[in-house]
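To start, the structure under review is shown below, and the notes come after it.
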Amino acid sequence: MTQERKIRVLIAKPGLDGHDRGAKVVAHGFRDAGFEVVYLGLHQSPEQIANAAIQEDVDLVGLSCLSGAHVYLFGEVVKILRERGAGDITVVGGGIIPDEDIVRLKEAGIKAVFLPGTPLDQIIEWTRANIKPHTDKAR
Amino acid sequence: MFTDRTLDQVRRGMARWLAELKSAAGSLRGKKSFKTLSDIEVKPVYTPDDIKDLDFESQIGFPGEYPFTRGCQATGYRGRLWTFRMFSGFGNAADTNARWQHLLKEGETGLSTAFDYPTLMGYDSDSPKARAECGRCGVAIDTLADFEALTSGIPLDKVTTSMTINPPATILWAMYLVAAEKQGVGWDEIGGTIQNDMLKEFIAQKTFMCPPEPSIRLISDTIEFGTNHVPRWNTISISGYHIREAGSTAVQELAFTLADGIAYVRDAIERKKLDVDAFAPRLSFFFNAHIDFFEEIAKLRAARRMWAKIMKERFKAKNPRSLWMRFHTQTAGCSLTAQQPYNNIVRTTTEALAAVLGGTQSLHTNSLDEVLALPSDFAVTVALRTQQILAEETGAADTIDPLAGSYFIEALTNEVEQKAWEYIEKIDEMGGMLAAIDKGFPQKEIARAAYEFQRDIDSGARAVVGVNSHVASAAEPIPLLKIDERVEAEQVRKLGEVKRRRDNRAVKLALDDIRAACKSGANVMPSVIAAVREYATEQEICDVYREVFGEYRDPGFF
Amino acid sequence: MTIDKILSGDVLAAARLMRGIDDEVPAALEELQEIYLHTGRANIVGISGAPGAGKSTLLGCLIAAFRRQDKKVGVVAVDPTSPFSGGAILGDRIRMQAGVDQDVFIRSLASRGWKGGLSKATINTIHVMDAMGKDLVFVEAVGSGQGEIDIARVADTAILVLTPGMGDEVQIMKAGILEAADIFVINKAEREGADSLKVSLDVMVDGRSHIRGDWRPPIVLTEAVCDKGTDVVAAEIAHHQDFLKTSGELDKRRADRARLELLWSIENLMQAYLERMEPGYMARLVAELVGRRTNPRAAAREIIARLGVTGDAAY
């Protein structure tokens, strides 16, 4: 009798930016979509985020940053995850991100960037289509 | 306000008109319900019947007279226009000084400072926490040296300055006081505002540092110091703007702001034994001007009336100026879209008009590109011109409180007020705002409102042009302001120089004095000013606060 | 080999295994068999209480206190699954992680519809942390009557967190909860009503039965947000650990837990077996019961016979 496989997500805000409206709305939406969401909140360092993602064995990490420091911060999270052998965890981001930075983020390993105005359902659909619980692969 | 004969005519007319409406049901616009952003039902038409119990004298009255629904100053904009005060700052002090000079040249009439995140949170540019954040969404200020560069060439006796700064407000204010001194300007000549409103940080903006209790203590310190030494300074800007930006409704914005105000007044009286009339005239407020045009006007009118009542009845203030609610307004950042950004000019315009018709003392208009970056020169100039056109061409400022007497506006003002009182009563029952924040009450209300709002947009129940209505097939990129990547390194280098040149022993002694004042309960301002004079850094002083008062962490209320 | 990784404290491997446990993946449940043999060393401390009592904040302080003693610490935090969507917001971690170093293993679980606030995955997740070498494993869950009792069954030391002014006196009087705690904490003790709550609690504790051994639960006042009184709680945990060992209570609790897990496993395997043998078998029996064509005892006998148990046992 196996349990239904749930998608586990970590949502966090790296750096000093305190605008958490979007992060909380996405967390809510994910919960209502049936995902299990570890909400890590504000003022997290990339190390704290990566550490939590590994301990919680999430399938997806969602980062939010509206202060302009996203290229450095999001990239650091991916870097640390890879260094620690958890490169299979997908990382996506949102916030105030100019188009030219989207390219830089993708090159750094961010799978998708959700800009202001993206419908919640679109983020949920993207997750359902692209993220599978990686329960079967032992580490 | 209306004779029985009039009301009788109105009621019979309504019956006729409703019959018309029913028979036209088939050809009515498809939208099922018409509600404001706060979910207040909006009727198809308003009549005297909707305000039949309104008393002109006690509820509308005259400008400059209790309950100040029509404005605090008797002459309104006929006497003096609102201040065109554009919130700005980025990069280093020199960059921001240049933008400020540009804005003053283009006709802004007051300054407003945007600080970068490390400065907002009490960290220096060389802190690991400042990495990649330095100068990005505001100006980086580490010491008095930066502040002197920021205000260079700006006559502090001739222009007033607002500073959006909260936990480190004591420090930035001290820098302003010393910078003015160095210009030869007395503390009784300078005017301005420090935002300094910590309760809304815990609720909404989240630039917090120490826990609520000591944070309020520091605020009362500034109120006391201002009362005694800097008479023209507003030592607090009790804010609803950020509460709204976090997703609250207009009613919640109003109620939580006033409840915060009540908490501050109580603390200043209880902790500092100040007479309410000594400091209340220098309390100021800050509201959001969101996209629902009429609701915002109603909200601002209700705000004035409610605060006057609170000061008179709850706090027994005698000085008429203690009953005044003077406020700054900013058009709603969260109403702007990344899609089809030029549309934002239109949004900002109607929001600015609402603020003007609501009688704001001072106004910031957002730039069209702010969903994507800090404002470019071009965009910020358009935003400033928006205010100037409203003031000089449209006639909106030519008569005071023009919408008074409108059946709709007065009915809506009453309804917003009544709903806001319900929230305030609830918060009173919880034991006041501090208790409510501890329980997570305002935070949860806001998170819920924000989620419901997003659901309404996703379902199409609420339209946002360019996002779920009239969506463009391709995005048109617009030129954006870029922060020079070298700012951080430059700032770190300069900070190092300041630390080498200053008298480090004097700095240490000054910091010890601050620590002692924090522990003894003495007003911290004198020792902070002394430390700032010695070029102590912002973080060095904040580290003392953190050491003595502890640090507050995001409790993650949902 | 996964088991070696777990025993050596490999976080990546352990976290992945916990995932398999949570989702009841057969391979993970197989691994668990070997893991179990290496458990029994860690001290399990349960923390329950109403939402808003300050459990997570208190836990943050306790973790720090035990880390200062160089203890290896793990935490399993359980939050309720939404009955509407099946999803959950796991928001305990955020409140306990301030000042907590990266070596503390915190795992957030959703209750996944289990009544009583704990899931089967909870005890198995604790086992993994135990096998990793943790000295202490904390388990935190919302109490709602049944929840406190569940935590008490799973933990060696059960802590109940109360706050003044929440009407807790009434809550406590409900049978079972009073007996389910080894330590009472009155948090937010700066609030009005703290002292009177302590007085009421004192009286109630004196009157309760001694199901959990000859230990008089201490009542500790704390203000977790500023770390006041939390060192006293840590000390009481240590005292209780000593008591458990010297009095033999520890063995009794371990036996209770083992019995519980055994019963769970029997139920689990039996259901799986029956389903494989004849899909819908259980559902058919349930329908017979609802239609009053049979009774539960007779149905159970039929199942046991189906399982191939023969002979003249008097059941």
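Since this is a predicted model, take the numbers as computed values, not measurements. A, B, ... follow the sequence lines: proteins, then strands. Residue 1 opens every chain.
Both the backbone and the side chain of C:Phe105 come within less than 4.5 Å of a heavy atom of chain A. Proximity to chain C involves both the backbone and the side chain of A:Tyr39, based on heavy atoms less than 4.5 angstrom apart. Only the side chain of A:Gln44 comes within contact range of chain C, with heavy atoms under 4.5 Å apart. When heavy atoms are compared at a cutoff of 4.5 Å, C:Val75 does not approach chain A at all. If you measure heavy-atom distances from A:Ile11 to chain C, you find no contacts under 4.5 Å at all.
When the candidates A:Ala52, A:Ala33, A:Gly41, A:Ala12 are compared by the number of heavy-atom contacts under 4.5 Å with chain C, A:Ala52 comes out ahead. Put simply, of C:Ile89, C:Leu269, C:Leu29, the one with the most heavy-atom pairs under 4.5 Å next to chain A is C:Ile89. In terms of heavy-atom pairs under 4.5 angstrom with chain A, the leader among C:Gly86, C:Ala88, C:Ser82 is C:Ala88.
Of the inter-residue distances, the one linking A:His43 atom NE2 with A:Lys13 atom NZ reads 8.5 Å to the nearest 0.5 angstrom. Here the CG-CZ distance, from C:Leu59 to C:Arg93, works out to 11.5 Å after rounding to the nearest 0.5 Å.
Ion pairing between a basic and an acidic side chain is recognised when a charged N comes within 4.0 Å of a carboxylate O; A:Glu76 and A:Lys79 show such pairing. The existence of a salt bridge linking C:Asp22 and C:Arg112 is confirmed by a sub-4.0 Å separation between a basic side-chain nitrogen and an acidic carboxylate oxygen.
Listed for the C:Asp130 side chain is a donor-acceptor partner under 3.5 Å among the backbone atoms of C:Ala42.
Taking the six-membered ring for Trp and thresholds of 30 and 60 degrees, A:Phe114 and A:Trp126 have ring planes more than 60 degrees apart, a perpendicular arrangement.
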